[in-house]
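Worksheet: one structure, shown below.
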Number of protein chains: 2
Amino acid sequence: MPQTPAPRKTPGRPPRISRDEIIGTALRILDEGGVDRLTMRRLAAEIGSTPMALYHHVRNKDELLVLLLDDYATRTLRRPELPAQPRERVIVAAEAIHEVLAACPWIVTVLTADDLLSKTALWFVEQIVDGFVDCGLTLDQAVHGYRAIWYYTAGEIMVRTAATRRRAEDDRPIHRESVFADLDPDEVPRLAQVADRWEALTAQDTYSDGLRALVDGLATR
Amino acid sequence: MPQTPAPRKTPGRPPRISRDEIIGTALRILDEGGVDRLTMRRLAAEIGSTPMALYHHVRNKDELLVLLLDDYATRTLRRPELPAQPRERVIVAAEAIHEVLAACPWIVTVLTADDLLSKTALWFVEQIVDGFVDCGLTLDQAVHGYRAIWYYTAGEIMVRTAATRRRAEDDRPIHRESVFADLDPDEVPRLAQVADRWEALTAQDTYSDGLRALVDGLATR
DNA sequence: ACCTGAACACCGTTCAAGT
DNA sequence: ACCTGAACACCGTTCAAGT
């Protein structure tokens with residue numbers, strides 16, 4: 001949990017804004033208007049201060065984003081009941097992480113910043129690694145297994161978020177549409193066959209299906 | 001392949017810059033200095049023109065990026081020999097896409113923009129979908145299988161690129177390090193066990209391993 | 001110690017005018 | 001048809017000064 005750095009005993013001027021206020025306001029802006037709206041200047045204005053006051057509580061914008069993700073994860077990640085079967089344990093832990101991340105699209109920018117979101121997420125990583133070990137993998141294989149799940153999960157969220165955002169914008173002629181418009185049935189028969197259903201098919205939520213397949217494949221060694 | 005829009009017969013002023021020149025220069029900037037260096041203004045300066053001249057050949061920066069990816073894919077994607085076994089065919093096609101994308105880190109920004117990179121990539125998607133169908137999946141399942149591979153592949157590249165970029169910057173105290181510094185062995189015993197090897201383990205290239213696991217899991221239905 | 005003002009060095013994009 | 005200049009509406013961050 002983030003807290004103001006050094007709580008000294010009134011050495012100088014009393015602070016007018018706190019790290020918590022910054023984080024709180026930033027989260028509100030994020031929820032209201034999306035990632036693009038969160039700028040240091042707007043944040044300062046919303047707080048009723050100047051851009052530079054922020055830099056006294058936060059090193060820079062990147063640190064602010066990590067702090068935000070950390071705070072969000074701590075508040076919303078709830079440890080689920082874990083099934084006894086190790087393979088199911090891996091799946092439940094991964095789904096819990098996915099669920100929380102998928103719910104806040106602004107996360108995407110920070111997602112790639114690090115593979116470990118926050119201290120709160122460690123417990124979930126532990127369950128995944130431990131579940132794989134119980135499946136009979138070596139510790140190294142288990143870590144690689146976790147990485148594979150992380151790639152898949154992060155990729156799903158990033159691609160899906162981008163797709164949703166694109167749909168929200170009014171720009172009509174999506175690149176994909178123009179590509180799909182004139183498929184050569186001789187060159188790519190399967191794609192030609194599903195062309196008109198592609199959008200609907202890819203809009204379906206198949207995260208759990210893919211996750212199960214991945215975990216099955218990883219556990220069967 | 002991108003080409004200048006309308007080659008009319010000298011209706012007005014002759015063009016001083018072409019779409020191809022824009023793309024060529026943009027690719028050079030990308031190779032030299034990374035994504036951050038590619039701005040409309042810098043591009044124009046490099047060409048020896050003004051920012052606004054670009055907008056005459058390209059709708060906006062997003063379109064430019066899609067054009068760049070398209071051009072890059074067309075030049076570098078080479079169709080590989082496909083094995084007879086369908087499952088191997090899926091893997092070979094996916095690895096071909098992954099190899100090309102992994103080689104150019106600037107791609108990341110555009111990656112999420114659409115799941116279909118360019119016309120050139122369609123053949124590879126076809127092989128993956130068709131391979132899954134030959135494995136006994138329905139067409140719908142095959143498309144979902146392709147999507148799972150795409151999530152995994154895009155995620156791997158994005159996370160890995162971000163990690164590499166982070167390593168390049170001199171900023172020392174990476175978030176992960178501070179999180180790993182004081183792991184509680186009672187809370188997260190497995191992670192505590194691998195803590196000092198985590199960096200080395202996650203630096204390993206395990207894309208193909210994970211891909212094989214995923215494809216195995218998807219094909220076994 | 002904490003905050004402010006002014007400034008630096010940038011962005012993408014639009015508009016009106018030039019050739 | 002194609003290009004230019006000037007401007008709009010922004011960015012993140014630093015520096016020097018104020019209280």
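What you are looking at is a predicted structure, and each value in this text was computed from that prediction instead of being measured.
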Below the 4.0 Å mark, does D:dC3 have OP1 or OP2 next to a side-chain nitrogen or oxygen of B:His57?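 For B:His57, the contact criterion (side-chain N or O under 4.0 Å from OP1 or OP2 of D:dC3) is met.
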Which heavy atom in B:Thr39 sits nearest to a heavy atom in B:Asp36, and how many Å separate them?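 Distance-wise, the nearest heavy atoms are CG2-O, 4.0 Å.
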Using every non-hydrogen atom in the two residues, find where B:Ala93 and B:Gln127 come nearest and quote the distance to one decimal.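 Looking at all heavy atoms of both residues, the closest pair is CB-CB, 4.0 Å.
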For DNA chain D, what residues of residues 40-50 of chain B have any heavy atom nearer than 4.0 Å?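 The stretch gives B:Arg41, B:Ser49, B:Thr50 as the residues lying under 4.0 Å from the strand, ordered by number.
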In whole angstroms, how far is the [atom2] atom of [N] from the [atom1] atom of [X]?
X       : N      : atom1 : atom2 : result
B:His56 : C:dA17 : NE2   : C1'   : 13 Å
A:Arg16 : D:dG18 : CZ    : C1'   : 13 Å
B:Ile17 : D:dT4  : CD1   : P     : 7 Å
A:Asp36 : D:dG12 : CG    : P     : 11 Å
A:Tyr55 : D:dA17 : OH    : C1'   : 19 Å
A:Ile22 : D:dG12 : CD1   : P     : 14 Å
A:Asp62 : D:dT13 : CG    : C1'   : 12 Å
B:Arg37 : C:dA9  : CZ    : C1'   : 13 Å

Going by the angle between their ring planes, with limits at 30° and 60°, are B:Tyr152 and B:Tyr207 parallel, tilted or perpendicular?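 Judged by the thresholds at 30° and 60°, the geometry between B:Tyr152 and B:Tyr207 is parallel.
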Does CD belonging to A:Glu63 count more than 12 external heavy atoms closer than 6.0 Å?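 Buried by this count: over 12 neighbours within 6.0 Å.
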Atom CZ of A:Arg75 with >12 non-hydrogen neighbours under 6.0 angstrom: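 Yes, CZ of A:Arg75 has more than 12 neighbouring heavy atoms, counting only those of other groups under 6.0 Å.
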Watson-Crick or G-U stems of DNA chain D, 3 or more pairs, under 3.5 Å, by first number: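 Only these stems qualify: C:4-8 with D:12-16, C:12-16 with D:4-8.
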Out of C:dT13, C:dC3, D:dC11, which nucleotide sits closest to the side chain of A:Thr39?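 Nucleotide nearest to A:Thr39's side chain: D:dC11.
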Starting at the 5' end of DNA chain C and moving along, which residue's nearest nucleotide shows up first, A:Pro15 or A:Met52?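 Nearest-nucleotide comparison on DNA chain C picks A:Pro15.
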Could you give me the CA-CA distance, side-chain angles and deciding distance for A:Trp106 and A:Leu38, then say whether side chain to side chain contact (heavy atoms under 4.5 Å, CB included) is met? CA-CA 10 Å; A:Trp106 56 267; A:Leu38 180 66; over 6 Å; no
Using the P atoms only, state how far D:dA9 lies from C:dC10, rounded to an integer number of Å.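 That atom pair is separated by 23 Å.
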State which residue, out of B:Asp130, B:Val129, B:Val143, fulfils the side-chain contact (heavy atoms from CB on, under 4.5 Å) condition with A:Leu191.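 Going through B:Asp130, B:Val129, B:Val143 one by one, the side-chain contact (heavy atoms from CB on, under 4.5 Å) with A:Leu191 is satisfied by B:Val129 alone.
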Scan A:Asp209, A:Thr202, A:Leu201 and name whichever one has a side-chain contact (heavy atoms from CB on, under 4.5 Å) with B:Arg147.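 Only match with B:Arg147 under side-chain contact (heavy atoms from CB on, under 4.5 Å): A:Thr202.
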Give a yes or no on whether a salt bridge exists between A:Glu187 and B:Arg79, defined as a side-chain N under 4.0 angstrom from a carboxylate O.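 Yes, A:Glu187 and B:Arg79 are salt-bridged.
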